Chemist: 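Got a structure for you, questions after.
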Amino acid sequence: MDERKEAGGGEDELFFSMRLLEWYNGQKRDLPWRRSRDPYKIWVSEIMLQQTRVDTVIPYFNRFIERFPTIDALAEAPEEEVLKAWEGLGYYSRARNLQSAAQQVKELYGGKVPDDREAVFGLKGVGPYTAGAILSIAFNRPEPAVDGNVMRVLSRFFLIEDDIAKPKTRIKMEALAKSLIPEGEASSFNQALMEHGALTCTPKSPRCLVCPVMERCAGRLAGVETELPVKTKAKPPRPEERLAALVEGRGEHAGRVLIRQRPTRGLLARMWELPHWPAPGDIGAGSGRPGEAAAMDRLRRSLAEAGVAARPEAYMMAAEHTFSHIHWTLQVYRCREEELPQPMAAEARGLYAAGSGAAAGGDAPGGEPALLLPGAEQPGLFADEGGAEEERPDMRWIGREDMANYAFPNVFLKLLNAYFDGQEAAGRR
DNA sequence: AATGCGGGGTA
DNA sequence: TACCCAGCATT
């Protein structure tokens with residue numbers, strides 16, 4: 001093998017690095033986190049940019065920095081506020097890990113982002129890519145920052161056919177990427193590599209005609225640039241049919257709807273949602289709407305088991321939500337809270353769920369616990385869908401004005417906003 | 001090594 | 001509509 005291929009100093013390698021650096025210095029985008037060298041801002045941006053496009057991140061980044069301008073501010077904020085600032089961005093453990101890491105930095109490193117590899121790598125939510133990005137971009141250390149963009153770019157230019165889904169390939173790419181960093185230019189070069197992948201060497205139809213390194217791109221010269229990188233396909237998400245209840249409150253809950261908080265771990269941890277349960281196979285299976293009568297009966301019983309006295313009244317709509325591993329189809333039913341007989345209502349009032357932590361902003365107006373069925377043990381243990389025991393979820397009645405205080409996954413955010421919009425429009429008529 | 005974890009973009 | 005994109009933590 002040609003010796004020059006081994007190190008980063010070969011002709012093609014030098015050409016690649018210098019051309020990309022030149023190109024980047026000439027046309028890098030003006031992004032909010034590039035207007036500062038504050039390692040905290042670089043860090044926040046890199047966490048947000050994991051699995052997320054630049055255009056999506058920009059408004060979140062600006063709001064987030066405005067709300068939590070420093071590591072101290074983030075470390076000391078209520079967790080619900082951090083989650084709310086992340087609402088709609090997805091992968092919510094990123095937000096919780098980021099705050100937890102801010103507390104680490106505060107306690108262990110005097111509130112300043114550390115600049116050595118071990119320390120940065122040890123922060124919650126910071127893996128090989130993010131550690132490299134922080135060290136190189138913020139501190140100009142010659143560390144590789146290999147993300148999907150970089151693997152795509154390198155696999156094409158150097159015609160590398162290893163499967164990028166394999167961890168081993170990332171290790172190999174890191175060695176290559178590190179060897180390509182020009183002396184003293186780690187910050188600009190690593191950003192150049194990613195910028196090139198985002199703007200020019202794109203996944204579907206790479207803009208080879210305007211590519212600054214096209215003449216020596218091995219993938220292009222071999223005519224296989226669109227076949228690269230090689231990557232094994234992910235499994236398709238498994239479908240899940242679920243019945244969701246939009247419960248309209250009556251009496252003292254008039255004008256409000258019932259929401260519940262998800263468990264502290266797992267999917268959409270600690271986010272709020274409309275209550276929903278798996279649709280029995282014979283109701284939701286296959287395409288089309290389930291048998292409404294059966295679904296409504298099922299929903300009424302699920303609500304009762306959850307300690308909510310409510311009657312499903314009509315089918316509203318279907319809502320879809322796709323995760324990387326699950327595809328939800330939610331059949332949403334409009335339900336009405338039951339008006340309890342007076343004496344029972346009085347009795348039930350004593351059975352409010354023991355408030356388990358106020359939502360963001362403390363006591364939200366209308367954010368009181370759900371009125372529970374008499375006899376419902378509270379807040380006891382119950383068997384969840386997997387059969388495991390966990391705390392009965394916190395439930396609350398909320399109005400439109402309370403939406404600001406609870407973090408919802410997008411599907412419920414859209415659903416609730418559409419519902420409150422409809423209510424408002426109906427109210428005007 | 002395999003799986004869990006969101007949301008949005010493009011063809 | 002169908003398919004693609006892809007870091008980190010946990011197991």
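Since the structure is predicted, the reported quantities are computational estimates derived from the model, not experimental observations. Chain letters run A, B, ... following the sequence lines, proteins first, then strands; residues in each count from 1.
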Chemist: For A:R238 and B:dT3, what is the distance between atoms CZ and P respectively, to the nearest whole Å?
Modeler: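 So the CZ-P distance, A:R238 to B:dT3, works out to 12 Å.
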Chemist: If I pick the C1' atom on B:dT3 and the same atom on C:dA6, what distance separates them, to the nearest angstrom?
Modeler: 14 Å
Chemist: Taking C:dC5 as the reference, what is the distance to B:dC5 when you measure between their P atoms (whole Å, please)?
Modeler: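 22 Å, rounded to whole Å.
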Chemist: Across the strands shown, which category fits A:P409 at heavy-atom distances under 4.0 angstrom: base, sugar-phosphate, nothing?
Modeler: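 Since only primed, P, OP1 and OP2 atoms lie under 4.0 Å of A:P409, the category is sugar-phosphate.
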Chemist: Counting only side-chain heavy atoms from C-beta out, which of B:dA1, B:dG6, C:dA6 sits nearest to A:H321?
Modeler: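 Comparing B:dA1, B:dG6, C:dA6 against the side chain of A:H321, the answer is B:dG6.
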Chemist: On DNA chain B, check which nucleotide each of A:R53 and A:S93 is closest to and give me the residue with the more 5' one.
Modeler: A:S93
Chemist: By nearest atom, which of the nucleotides B:dG6, C:dC8, B:dG4 is closest to the A:H325 side chain?
Modeler: B:dG4
Chemist: For C:dA9 and B:dG8, measure between their C1' atoms and round to the nearest Å.
Modeler: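 So the two C1' atoms sit 23 Å from each other.
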Chemist: Go through B:dG8, C:dG7, B:dG6 for me and flag the one nearest to the A:N410 side chain.
Modeler: B:dG8
Chemist: Could you check A:Y129 against A:E46 for side-chain hydrogen bond (donor to acceptor under 3.5 Å, both in side chains), going step by step and ending with a plain yes or no?
Modeler: CA-CA 9 Å; A:Y129 164 72; A:E46 288 302 336; 2.6 Å; yes
Chemist: Between A:F16 and A:H196 (judged by ring centroids, cut-off 6.0 Å), do the two rings come close enough to count as a pair?
Modeler: no
Chemist: Can you see if the side chain of A:R152 gets near the phosphate of C:dC5 - specifically, an N or O under 4.0 Å from OP1 or OP2?
Modeler: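 For A:R152, the contact criterion (side-chain N or O under 4.0 Å from OP1 or OP2 of C:dC5) is not met.
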Chemist: Whole angstrom is fine here: how far is it from CG in A:L89 over to C1' in B:dC5?
Modeler: 13 Å
Chemist: Roughly how far apart, to the nearest Å, are C:dT11 and B:dG6 at atom P?
Modeler: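 Going atom to atom, P in each nucleotide, I get 15 Å.
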Chemist: Describe the nucleic acid contact of A:D147 in one word from base, sugar-phosphate, nothing, applying a heavy-atom distance below 4.0 Å.
Modeler: sugar-phosphate
Chemist: What is the distance, rounded to the nearest whole Å, between atom CE of A:M271 and atom P of B:dG4?
Modeler: 20 Å
Chemist: Which sits closer to the 5' end of DNA chain B, A:S205 or A:R265, going by the nucleotide each is nearest to?
Modeler: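 Going by which nucleotide is closer to the 5' end, it is A:R265.
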Chemist: Quick one: A:I47 CD1 to C:dA6 C1', roughly how many Å, whole number?
Modeler: 14 Å
Chemist: Does the gap between the ring centers of A:W86 and A:Y91 come in under 6.0 Å?
Modeler: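 No; A:Y91 has its ring centre 6.0 Å or more from that of A:W86.
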Chemist: Output the single nucleotide from C:dC8, B:dG6, C:dA6 whose closest atom is nearest the side chain of A:L268.
Modeler: B:dG6
Chemist: How is A:T130 classified with respect to the nucleic acid when contacts are heavy atoms under 4.0 Å: base, sugar-phosphate, or nothing?
Modeler: sugar-phosphate
Chemist: Determine the contact category for A:R170: base if any of its heavy atoms lies under 4.0 Å from a base atom, sugar-phosphate if only primed atoms, P, OP1 or OP2 are that close, otherwise nothing.
Modeler: nothing
Chemist: Walk me through it: do A:M403 and A:L413 pass the test side chain to side chain contact (heavy atoms under 4.5 Å, CB included)?
Modeler: CA-CA 8 Å; A:M403 292 291 290; A:L413 191 62; 4.0 Å; yes
Chemist: Rounded to whole angstroms, how far apart are CG on A:D55 and P on B:dG8?
Modeler: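 Interatomic distance, CG of A:D55 to P of B:dG8: 13 Å.
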Chemist: More 5' along DNA chain C: A:P203 or A:A131, using each one's nearest nucleotide?
Modeler: A:P203
Chemist: I want to verify a distance call: between B:dC5, B:dG8, C:dC4, whose nearest atom is closest to the A:Y91 side chain?
Modeler: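 Of B:dC5, B:dG8, C:dC4, B:dC5 is nearest to the side chain of A:Y91.
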Chemist: Determine: side-chain N/O of A:K204 to OP1/OP2 of C:dC4, distance under 4.0 Å, yes or no.
Modeler: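 So the side-chain polar atoms of A:K204 never come under 4.0 Å of the phosphate oxygens OP1 or OP2 of C:dC4.
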Chemist: For the residue pair A:W397 and A:H253, categorise the inter-ring angle as parallel (less than 30°), tilted (30 to 60°) or perpendicular (more than 60°).
Modeler: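 Ring orientation of A:W397 relative to A:H253: parallel.
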Chemist: Take atom NZ of A:K166 and atom P of B:dA1, then tell me their distance rounded to the nearest Å.
Modeler: 7 Å
Chemist: Is there a donor-acceptor contact under 3.5 Å from the side chain of A:Q261 to the main chain of A:R270?
Modeler: yes
Chemist: Checking all strands, does A:K231 fall into the base, sugar-phosphate, or nothing category for heavy-atom contacts under 4.0 angstrom?
Modeler: base
Chemist: Can you figure out which of C:dG7, C:dA9, B:dG8 approaches the side chain of A:N97 most closely?
Modeler: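 Side chain of A:N97 sits closest to C:dA9.
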Chemist: Has the side chain of A:E143 got a donor or acceptor atom that lies under 3.5 Å from a matching backbone atom of A:A133?
Modeler: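 No.
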Chemist: Given B:dT3, B:dG7, C:dA6, which nucleotide is nearest the side-chain atoms of A:K235?
Modeler: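 For A:K235, the side-chain atoms sit closest to B:dT3.
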Chemist: To the nearest angstrom, how far is A:I164 atom CD1 from C:dC4 atom C1'?
Modeler: 12 Å
Chemist: Whole Å only: how far is the CZ atom of A:F323 from the C1' atom of C:dC5?
Modeler: 17 Å
Chemist: Counting any heavy atom closer than 4.0 Å, what does A:Q51 reach on the DNA or RNA strands: base, sugar-phosphate only, or nothing?
Modeler: base
Chemist: Between C:dG7, B:dG7, B:dC5, which nucleotide gets closest to the side-chain atoms of A:S324?
Modeler: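 Taking heavy atoms from C-beta onward, the closest nucleotide is B:dC5.
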